[in-house]
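Data first, discussion second: the structure below is written as structure tokens.
None of these values were measured; they are calculated from a predicted model.
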Amino acid sequence: MITRREFLDAASISAAAVAFGSAKSYARILGANDRLNFAVIGLNSRAYAHLSSLAANKDKARISHVCDVDTTILSKFAGETRKAMGEPVAFEQDFRKVLALKEVDAVTIATPDHWHTPMAILALEAGKHVYVEKPCSHNPAEGAMLIAAQRRYGKLVQMGTQQRSSPHTMEVADKIHNGLIGNAYFAKAWYSNVRKSIGYGKPAPVPATLDWDLWQGPAPRQQYTDNIQPYNWHWFRKYGTGESLNNGTHEVDVCRWVLGVDYPARVTAQGGRYQFKDDWQFYDTLTTSFTYPNAMIAWEGKCCNGMKYYGRDRGSEIVGTTGTVIVDRDGYEVYDLKGTKVSEAKAGSQTSSTDLVGADSMTDAHFANFIAGIQRGTKLNAPIEVGNVAVTMLQLSNIAWEVSRELKLNPAGGHILDDPEAMKGWGRAYEQGWAPKG
């Protein structure tokens with residue numbers, strides 16, 4: 001655990017914010033046992049949405065601990081947590097010490113992708129419920145491991161595909177299932193952004209505030225360079241999964257939900273890194289097709305060109321035999337066969353779309369659903385076995401892109417058929433001693 005002096009030096013916040021930074025203090029707070037104790041792990045960008053949503057649900061939950069391998073990020077977030085929650089918070093650099101605490105009921109994981117499954121499995125083994133950001137895994141094998149671990153330990157795992165808890169999306173999905181546009185057979189999802197180049201990284205000394213070994217964790221070791229942490233890891237294959245998993249997961253999940261499909265029979269993917277020449281190891285432009293016996297899903301990602309479709313930088317188009325639905329995070333529109341709008345519905349408030357935090361009412365509702373699942377046994381909107389399907393689909397599209405050919409799949413579980421080379425991408429190599437236990 002970092003010392004109080006290190007914490008105060010890095011944060012430059014008042015002593016009042018951390019005066020009760022001991023886990024034991026929570027037992028003395030009135031009503032402490034009526035609320036769940038959450039630990040938030042991985043505190044850059046998306047974690048601030050976790051903070052916002054737990055603050056929105058603080059009548060039922062508190063943040064007892066925050067954890068990050070970078071003490072600068074850690075101390076800043078701890079100060080913001082103290083202000084948002086109105087309560088003291090304990091802070092820790094090594095998440096394993098947090099998992100060892102009996103008073104922690106649930107963890108939220110907003111770390112880099114390569115840590116999602118290994119950390120979630122360790123949390124389940126420690127008896128914690130888990131809210132894990134998408135993608136729930138770095139590769140298909142890990143997704144299967146996480147599902148097995150959830151079943152083995154019996155705790156809840158909710159994946160952070162928050163549109164599953166969006167009232168208007170739930171409404172239109174139900175309407176489509178009941179014939180709103182006849183037989184829905186095609187869905188297209190898209191994402192557009194204007195990301196900048198990450199340049200070419202230079203070897204650099206590891207910052208004194210960063211535990212680089214723990215940051216790498218399960219990933220094979222490499223020298224620290226100055227363009228990976230805290231965000232650009234998304235674009236390196238050791239740690240991230242590309243824009244398809246970073247953002248495409250949300251809309252592809254909506255598409256398969258409303259079409260009522262799971263794993264496809266075939267997947268193709270074409271794309272490249274066109275906008276810049278740099279260390280970015282994925283595509284900046286990709287088109288993917290998932291083919292089913294009687295349906296198809298397409299996803300198009302443009303990382304570096306913000307041209308919108310239907311006036312939206314992200315969304316889903318659902319095509320049926322009698323009409324079309326356009327749905328995004330802010331509402332939906334219904335069109336007839338000639339493309340004339342016949343109805344629409346708007347969300348009560350606008351949601352975040354391309355910023356790095358994404359705090360919004362959907363995430364509030366998704367956390368509320370998770371909390372209700374723990375406290376009252378309410379059915380989760382995105383349990384891991386459901387959330388993992390879209391994740392695996394898009395990981396398979398990454399594999400199809402890497403091998404430059406169509407993949408034929410077993411629809412029962414998504415395994416690649418008759419292609420040993422492509423099937424090598426089902427898992428990954430781990431640093432010795434850090435591999436997750438499936």
**Message:** Has Asn57 got a side-chain atom pairing as donor or acceptor with Lys60's backbone, closer than 3.5 angstrom?
**Reply:** no

**Prompt:** Who passes salt bridge (charged side-chain N to carboxylate O under 4.0 Å, His left out) against Asp174, sequence neighbours left out?
**Reply:** none

**Prompt:** In chain order, what residues pass the side-chain hydrogen bond (donor to acceptor under 3.5 Å, both in side chains) check against Gln270, with sequence neighbours excluded?
**Reply:** none

**Message:** Ignoring hydrogens and geometry beyond distance, is a side-chain donor-acceptor pair present between Tyr332 and Glu171 at under 3.5 Å?
**Reply:** yes

**Item:** Gap separating the CE atom of Met393 from the SG atom of Cys255, nearest 0.5 angstrom
**Value:** 8.5 Å

**Request:** Could you pull out the closest heavy-atom pair between Ser137 and Thr117, with the gap in Å?
**Result:** CB-OG1, 3.3 Å

**Asked** Can Asn388 and Thr392 be counted as having a side-chain donor-acceptor contact under 3.5 angstrom?
**Response** yes

**Request:** Could you tell me whether Lys302 sits above the aromatic face of Tyr274, with NZ or CZ closer than 6.0 angstrom to the six-membered ring centre and within 45 degrees of the axis?
**Result:** no

**Pairwise distance CG(Asp284) to CG(Asn193) - rounded to 0.5 angstrom** = 11.5 Å

**Request:** Determine, for Trp257 and Arg164, whether the Lys NZ or Arg CZ falls below 6.0 Å from the six-membered ring centre while staying within 45 degrees of the axis.
**Result:** yes

**Asked** For the side chain to side chain contact (heavy atoms under 4.5 Å, CB included) test, which of Leu51, Leu43, Ile73 pairs with Val66?
**Response** Leu43

**Item:** For Tyr283, ring pair (Phe, Tyr, Trp, His ring centres under 6.0 Å) partners two or more places apart
**Value:** Trp401

**Item:** Contact check, side chains of Cys304 and Phe276, non-hydrogen atoms, under 4.5 Å
**Value:** yes

**Request:** Sort and list the pairs that fulfil salt bridge (Lys or Arg N to Asp or Glu O under 4.0 Å) and have at least one residue in residues 111-132, not counting sequence neighbours.
**Result:** none

**Prompt:** Angle class for the Trp233/Tyr231 ring planes (parallel below 30°, perpendicular above 60°, tilted otherwise)?
**Reply:** tilted

**Asked** Between Ser361 and Asp364, do the side chains contain an N or O donor and an N or O acceptor separated by less than 3.5 Å?
**Response** no

**Prompt:** Any luck finding a side-chain donor-acceptor pair between Ser165 and Asn369 under 3.5 Å?
**Reply:** no

**Derivation of the salt bridge (charged side-chain N to carboxylate O under 4.0 Å, His left out) call for Glu133 and Arg46** = CA-CA 9 Å; Glu133 274 301 327; Arg46 182 61 182 164; 3.0 Å; yes

**Message:** For Phe77 together with Tyr48, are the ring centres under 6.0 Å from each other?
**Reply:** yes

**Message:** Contact between Trp190 and Glu317 at the side-chain level, heavy atoms closer than 4.5 Å - yes or no?
**Reply:** yes

**Item:** Residue pair Tyr200 / Asp279, side-chain donor-acceptor N/O under 3.5 Å
**Value:** no

**Asked** Would a 4.5 Å heavy-atom cut-off, applied to side chains only, mark Glu406 and Val267 as touching?
**Response** no

**Prompt:** Is there a salt bridge (charged side-chain N to carboxylate O under 4.0 Å, His left out) between Asp278 and Arg273 once you walk through the steps?
**Reply:** CA-CA 9 Å; Asp278 55 14; Arg273 178 63 168 162; 2.6 Å; yes

**Fill in**
In this structure, NE2 of His250 is separated from CG of Asp328 (nearest 0.5 Å) by 13.5 Å

**Message:** What's the separation between atom NZ in Lys155 and atom CG in Asp105, rounded to the nearest 0.5 Å?
**Reply:** 8.5 Å

**Item:** Minimum heavy-atom distance Gln150-Val157, with the two atoms named
**Value:** CG-CG2, 3.6 Å

**From Leu245 atom CG to Glu243 atom CD, the distance as rounded to the nearest 0.5 Å** = 10.0 Å

**Asked** So which pairs with a foot in residues 214-242 pass salt bridge (Lys or Arg N to Asp or Glu O under 4.0 Å), sequence neighbours left out?
**Response** Asp213-Arg221, Arg237-Glu402

**Item:** Side-chain touch His234/Trp280, heavy atoms, less than 4.5 angstrom
**Value:** no

**Prompt:** Is the side chain of Gln223 donor-acceptor paired with the backbone N or O of Pro203 at a distance under 3.5 Å, no angle test?
**Reply:** no

**Partners passing ring pair (Phe, Tyr, Trp, His ring centres under 6.0 Å) against Trp212 (at least two apart in sequence or in another chain)** = Trp215, Tyr224

**Message:** With no hydrogens and no angle check, just 3.5 Å: does a side-chain donor-acceptor pair link Tyr191 and Glu300?
**Reply:** no

**Message:** When you compare the side chain of Leu409 with that of Pro264, does any pair of heavy atoms fall below 4.5 Å?
**Reply:** yes

**Prompt:** Can a donor-acceptor pair be found between the side chains of Gln93 and Asp68 at a distance below 3.5 Å?
**Reply:** no

**Fill in**
Note: Ala422 and Val403 closest approach over all heavy atoms is CA-CG1, 4.2 Å

**Message:** Restricting to non-hydrogen atoms, name the atom on Gly42 and the atom on Thr111 that form the minimum distance, rounded to 0.1 Å.
**Reply:** CA-CG2, 3.9 Å

**Prompt:** Is the NZ or CZ atom of Lys58 both under 6.0 Å from the centre of the six-membered ring of Phe38 and within 45° of that ring's axis?
**Reply:** no

**Prompt:** Under 4.5 Å between any side-chain heavy atoms of Leu99 and Val107, yes or no?
**Reply:** yes

**From CA spacing to verdict: salt bridge (charged side-chain N to carboxylate O under 4.0 Å, His left out), Glu421, Arg405** = CA-CA 11 Å; Glu421 181 190 3; Arg405 58 179 171 269; 2.8 Å; yes

**Request:** Identify the residue among Gln162, His168, Gln163 that makes a side-chain hydrogen bond (donor to acceptor under 3.5 Å, both in side chains) with Ser166.
**Result:** His168

**Message:** A side-chain contact here means heavy atoms from C-beta on lying under 4.5 Å apart; do Phe91 and Val98 qualify?
**Reply:** no

**Request:** Kindly determine whether Glu87 and Arg82 satisfy salt bridge (charged side-chain N to carboxylate O under 4.0 Å, His left out), including the steps that lead there.
**Result:** CA-CA 5 Å; Glu87 293 181 344; Arg82 173 65 176 86; over 6 Å; no

**Prompt:** Which atoms form the tightest heavy-atom contact between Ile318 and Ala187, and what is the distance?
**Reply:** CD1-CB, 3.8 Å

**Item:** Donor-acceptor pair, side chain of Arg152 and main chain of Ile147, under 3.5 angstrom
**Value:** no

**Asked** So, for Trp115 and Phe95, is the gap between ring centers shorter than 6.0 Å?
**Response** yes

**Fill in**
Shortest non-hydrogen pair, Ala110 vs Ala47, comes out as CB-N, 4.1 Å

**Message:** Within a 6.0 Å radius of atom NZ on Lys424, are there more than 12 heavy atoms belonging to other residues, nucleotides or ligands?
**Reply:** no

**Request:** For residues His50 and Phe367, establish whether the separation of their ring centroids is below 6.0 Å.
**Result:** yes

**Message:** Between Asn410 and His415, do the side chains contain a donor N or O and an acceptor N or O under 3.5 Å apart?
**Reply:** no

**Request:** Decide side chain to side chain contact (heavy atoms under 4.5 Å, CB included) for Ser316 and Ile326; before the verdict, give the C-alpha distance in whole Å, the side-chain angles of both, and the deciding distance to 0.1 Å.
**Result:** CA-CA 6 Å; Ser316 303; Ile326 307 296; over 6 Å; no

**Message:** Nearest 0.5 Å, please: how far is OG1 in Thr161 from CE in Met362?
**Reply:** 10.0 Å

**Prompt:** Taking side chain as C-beta onward, heavy atoms only, is His366 less than 4.5 Å from Tyr131?
**Reply:** yes

**Asked** Out of Leu380, Leu36, Thr108, which one pairs with Phe370 under the side chain to side chain contact (heavy atoms under 4.5 Å, CB included) rule?
**Response** Leu380

